[in-house]
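Labels below follow one simple rule: chain letters A, B, ... track the order of the sequence lines, proteins then strands, and each chain is numbered from 1. Not measured: the values here are computed from a predicted model.
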Amino acid sequence: MTEMVYGAVPDRGGEPILPKWWRTLDKWTMSCVLILFVIGLLLGLAASVPLAERNGFAPFHYVQRQAVFGGGALIAMLLTSMMSPVLVRRLAVLGFVAAFVALVFLPFFGTDFGKGAVRWYSLGFASVQPSEFLKPGFVVAAAWLMAASQQINGPPGTAWSFVLCAVIAGLLVMQPDFGQACLVMFGWGVMYFVAGAPMLLLIVMAALVVLGGAMAYSGSEHFARRIDGFLNPEVDPTTQLGYAADAIREGGFLGVGVGEGQVKWSLPDAHTDFIIAVAAEEYGLVLVLIVIALFCLITVRSLLRLMRERDPFIRLAGTGLAAMFGVQAMINMGVAVRLLPAKGMTLPFVSYGGSSLIAGGIAVGMLLAFTRTRPQGEIGDFLRGRG
Amino acid sequence: MIRTPLRPLARILPARAKGENPDAIERENIRRRHEDMQDRARNRAEGRLLMLGLFFLCAFVTVGARMGLLATSEPAEPLTSAVGADIANQRADIVDRKGRVLATNFETFSLYAQPRQMVDPQAVVAGLAAIFPDLDARRLLRDFTGKRKFVWIKKKISPEQKQAVHDLGDPGLLFGPREMRLYPNGRLAAHVLGGAGFGKEGVSAAEVIGVAGVEKQFDGYLRDPANSGKPLQLSLDLSVQAAAERVLLGGMKLMSAKGATSILMNVHTGEVVSMVSLPDFDPNDRPVPALQGDPSDSPLFNRAVQGVYELGSTFKIFTAAQAMDLGLVNAETPINTRRPLIQSGHEIGEFNNKHYGPELSVSMVIEKSSNVGTARLAQMIGIDRQRQFFDDLGLLEATGLELIEAQGGRPLVPRNWGVLEMMTISFGHGLSATPMHLAAGYAAIANGGRYVSPTILKQDRPQYGPRVLSEDSAAAARQMLRRVVTHGTASFGEVPGYAVAGKTGTADKPKPKGGYYKDKVITTFASMFPAHDPEFVLIVTLDEPSIFASGKLRRTAGWTAVPVAAEMIERLAPLLGMRPAVEPGQVAGITLTSN
């Protein structure tokens, strides 16, 4: 009766957003990200003090900023993870276009903050690094193009995405920012690999890389010196790498104690590129292994979840995001332990940096959106006798 | 792959017959094909994603394992140690043949300023100017009050100066540890040692690099930590070198020469036991190379290995020795010395326009130093053989002496080695070489005909190279050289008990723009002792000497270089451990007297 008078309760059709989000979300991955963020704040307390002192701020100035940006990043992550893959794709592609334009105009309007590479837009209260936002956007756009090429009568999306990748890498190299350029190319390569790159091509490319490396080694003295320095087991204790290695040694299992570390006073990039060395010195191997395990868990778990994914776009986009996230962490920590030649790269969520944090939040949010549990047509398969 | 057609006629035709839309069949087939494609892609992706996951797992495990390994190993270097403390005392010492130090390291300090931390720049500048009079006070004040954060003031300061700066008491003045090269013997062997300076420089350390001499030649060895401080041992003998410098300096002043050089070389090992070039310098305070003027007038110039001179008649013995070695002549063969000898429109003259008569024996040609006679010998030898012999004696290339300067001492060889050049070269004109070349050539005659390459490093055994002369020819040549001292132009060179043999050479100095000076000569005495079995070769060269003797102004080698060389032999031979031989027939004349 009441319904006849007041009208029926509107049927929203389907599950409410939050319960559905919570039910389908990869809660493990999200917990790991939250823990990483807390660890990042903790390390910021130690690592950013010298920087604040150098720049004449209060000791925990950068920790406060990190907390503010981190809050923003977490909100961005949660919001993004609630979106549907289609919405993520649309927004991400729009965001990618915006970031791409920003990257193109960087040489004209950007600043270099006296560091020799024009990578930032200065907004007064903060600076923005477009390439950080470009990376997740590019992954989504490239995944969209590649997935489209897998449709019947689809466009040659793989080739287009390659052209896009090359253009972006070129723009990044011009800044110059070889690290980001490598990361973008790596992300594209992983997606192409999962999208079904011919094995022969992969072998040929690997051979070309080895050949190119050998030629660069014999042809360029600078390059050779970098590699020799990397291969040389005796590291000069006065270089950044030497400081980092010594910091890890000093730390041992349990660290020298909070605030007792010395390396942060010697390394100019203690709060970004070498934050893992600060962590190792002050908190010891235990915390470092926890950090490594967290990164490993996020990356590998996401990839395994994507194995079941039926939609090519979601699969590819998720793969690209997870791989970029993982490899960035791996390179950062690999440099500190001299598994890899010196290359500046931030540790996602842990290193200080506004752009890096927020873009990282958005990227992980997308990843969470892509790895949500979805019906994968198992029953249809079963019925058709294909399962 | 067999592709099923999208519109198989076998199904289309019946469908048409039944009035169904055949497009539905096509759509269904497209859907199937698409699904197949997607399934294939998914299966492939599944495998590859697994690979990717494993790759990341392995990579992270590797990083973690490496972290663990690193964390459990001991810290290699304490972090707090001053950078560069381990660099100190790394450059190896240089010692002489008996282990006496020629160059070592010394710890001192550099002085720099951080103007930001300076309390009173004016007072600091005033104080510094009082301590270091050579500082430019006005510039210093500008540096201290400007925007600079860091200013070098002095690279090396003494302990007294350090204390004085310390007493200024300004926190903006700071000291950095420095290691400097110290040559405790001052000017001794300056040209051999060269000198050292600072290379890459930091606040807490600076790299010491060699800039000349053996310091530069062996820079790699001296800096190589792998040698663990093992000193570089030279062939020089400190006491011999000191005596040689002393005597040569006296001789140079006595003969009013503007420069002088001497080389004492062991004829069997090639070791240079002493090498002097005057004027010299103090390697502790190496002068700045002059930008103007003739570099050969600079005290930095090492005449012994860089000075390329026409060495004159000292070359004649090479011609005579070769002629004998080829069997063309023997010591007594008469040679036509009749003048004039005209070749290619030039007359081969004699010194002071002398006439030696129609003929002289080969021995006499050397003794009297006859240009014409030597040119006749060269005519017999011929261009090609002469050139080959000079090449064998190392007279056409830079010597192999291990001094950075020696590599620049390349002989000046005539571009066109014709008959005229052959004749002039035979008596030492038209081919310029360094005294070191001459020493190596004479050593070959002295040691019985084997080439030895001169060396500055201590050797343990003879270093004979290829044979250039037969034993007999070398012995005959030595006899001729001995006669030059006993009967010929080098009569002032006789040193009782040491049987000096040698040959004089007096060459007019060439003008920079061609032609020769009438009154400027380079005199050389190339000698060896003792003549019957020589152990050492001594070359003495004086630049523009002259002395007023016996009522005449004398410039020839016999009056200038020879007496200096004789004095050197007399002083050096005992230091070299050689005893004077009691010569037969020199028994003191005992006269029987009766009263």
**Report entry** A:Ala197, part contacting chain B, at a heavy-atom distance under 4.5 Å
**Finding:** both
Requested in this report: Would you check if B:Leu49 and A:Leu304 make a side-chain contact, meaning some heavy-atom pair closer than 4.5 Å?
Outcome: no
Report summary line: When every non-hydrogen atom of A:Gln150 is compared with those of B:Ala41, the smallest separation belongs to OE1-CB, 3.9 Å
Query raised in the report: Taking everything shown except B:His34 itself, do over 12 heavy atoms lie less than 6.0 Å from its NE2?
Result: yes
Query - Segment of A:Leu306 engaging chain B (4.5 angstrom heavy-atom cut-off) - result: both
Query raised in the report: Within a radius of less than 6.0 Å around CZ of B:Arg16, do more than 12 heavy atoms belonging to other residues, nucleotides or ligands occur?
Result: no
**Report entry** Interface moiety of B:Met67 toward chain A, non-hydrogen atoms closer than 4.5 Å
**Finding:** both
**Report entry** Structural part of A:Val288 lying under 4.5 Å from a heavy atom of chain B
**Finding:** side chain
Query raised in the report: For the residue pair A:Phe186 and B:Phe56, does the interplanar ring angle fall in the parallel (under 30°), tilted (30 to 60°) or perpendicular (over 60°) class?
Result: perpendicular
Query raised in the report: How long is the span from the CZ atom in B:Phe60 to the CG atom in A:Leu289, to the nearest 0.5 Å?
Result: 13.0 Å
Query raised in the report: To the nearest 0.5 Å, how far apart are CG in B:Leu70 and CD in A:Glu250?
Result: 11.5 Å
Report task. Specify which of A:Gly334, A:Gly326, A:Ala336 makes the most heavy-atom pairs with chain B at under 4.5 Å. Result -> A:Gly326
Query - Toward chain B, the part of A:Val291 with a non-hydrogen atom under 4.5 Å - result: neither
Requested in this report: State, with a plain yes or no, whether a side-chain heavy atom of B:Arg42 is found less than 4.5 Å away from one of A:Arg315.
Outcome: yes
Query - Atom group of A:Ala323 that falls short of 4.5 Å from chain B, counting heavy atoms - result: both
Requested in this report: Give a yes or no on this: more than 12 heavy atoms of other residues, nucleotides or ligands lie within 6.0 Å of atom OH of B:Tyr221.
Outcome: yes
**Report entry** B:Arg48 side chain vs A:Phe193 backbone, donor-acceptor pair below 3.5 Å
**Finding:** yes
Report task. Considering non-hydrogen atoms only, spot the tightest contact between B:Arg66 and A:Val337 and give its length. Result -> NE-O, 2.9 Å
Report summary line: Only one of B:Leu54, B:Leu57, B:Leu50, B:Leu52 passes side-chain contact (heavy atoms from CB on, under 4.5 Å) with A:Leu303, and that residue is B:Leu52
Query - Heavy atoms of other groups near B:Arg139 CZ, more than 12 under 6.0 Å - result: no
Query raised in the report: What part of A:Ile248 gets closer than 4.5 Å to chain B, counting heavy atoms only: side chain, backbone, both or neither?
Result: both
**Report entry** Exceeds 12 heavy-atom contacts within 6.0 angstrom, atom CZ of B:Arg44
**Finding:** yes
**Report entry** Side-chain heavy atoms of A:Gln151 within contact of B:Gln38, under 4.5 Å
**Finding:** yes
Query raised in the report: Checking A:Arg301 against chain B: side chain, backbone, both or neither under 4.5 Å from a heavy atom?
Result: neither
Report task. Heavy-atom distances under 4.5 Å only: say whether A:Ile276 touches chain B with side chain, backbone, both or neither. Result -> side chain
Query raised in the report: Does B:Glu28 CD have over 12 foreign heavy atoms under 6.0 Å away?
Result: yes
Query - Spacing of A:Leu285 atom CG and B:Thr72 atom OG1 [to the nearest 0.5 Å] - result: 7.5 Å
Query raised in the report: For A:Met330 and B:Ala59, which heavy atoms make the closest approach, and how far apart are they?
Result: SD-CB, 2.9 Å
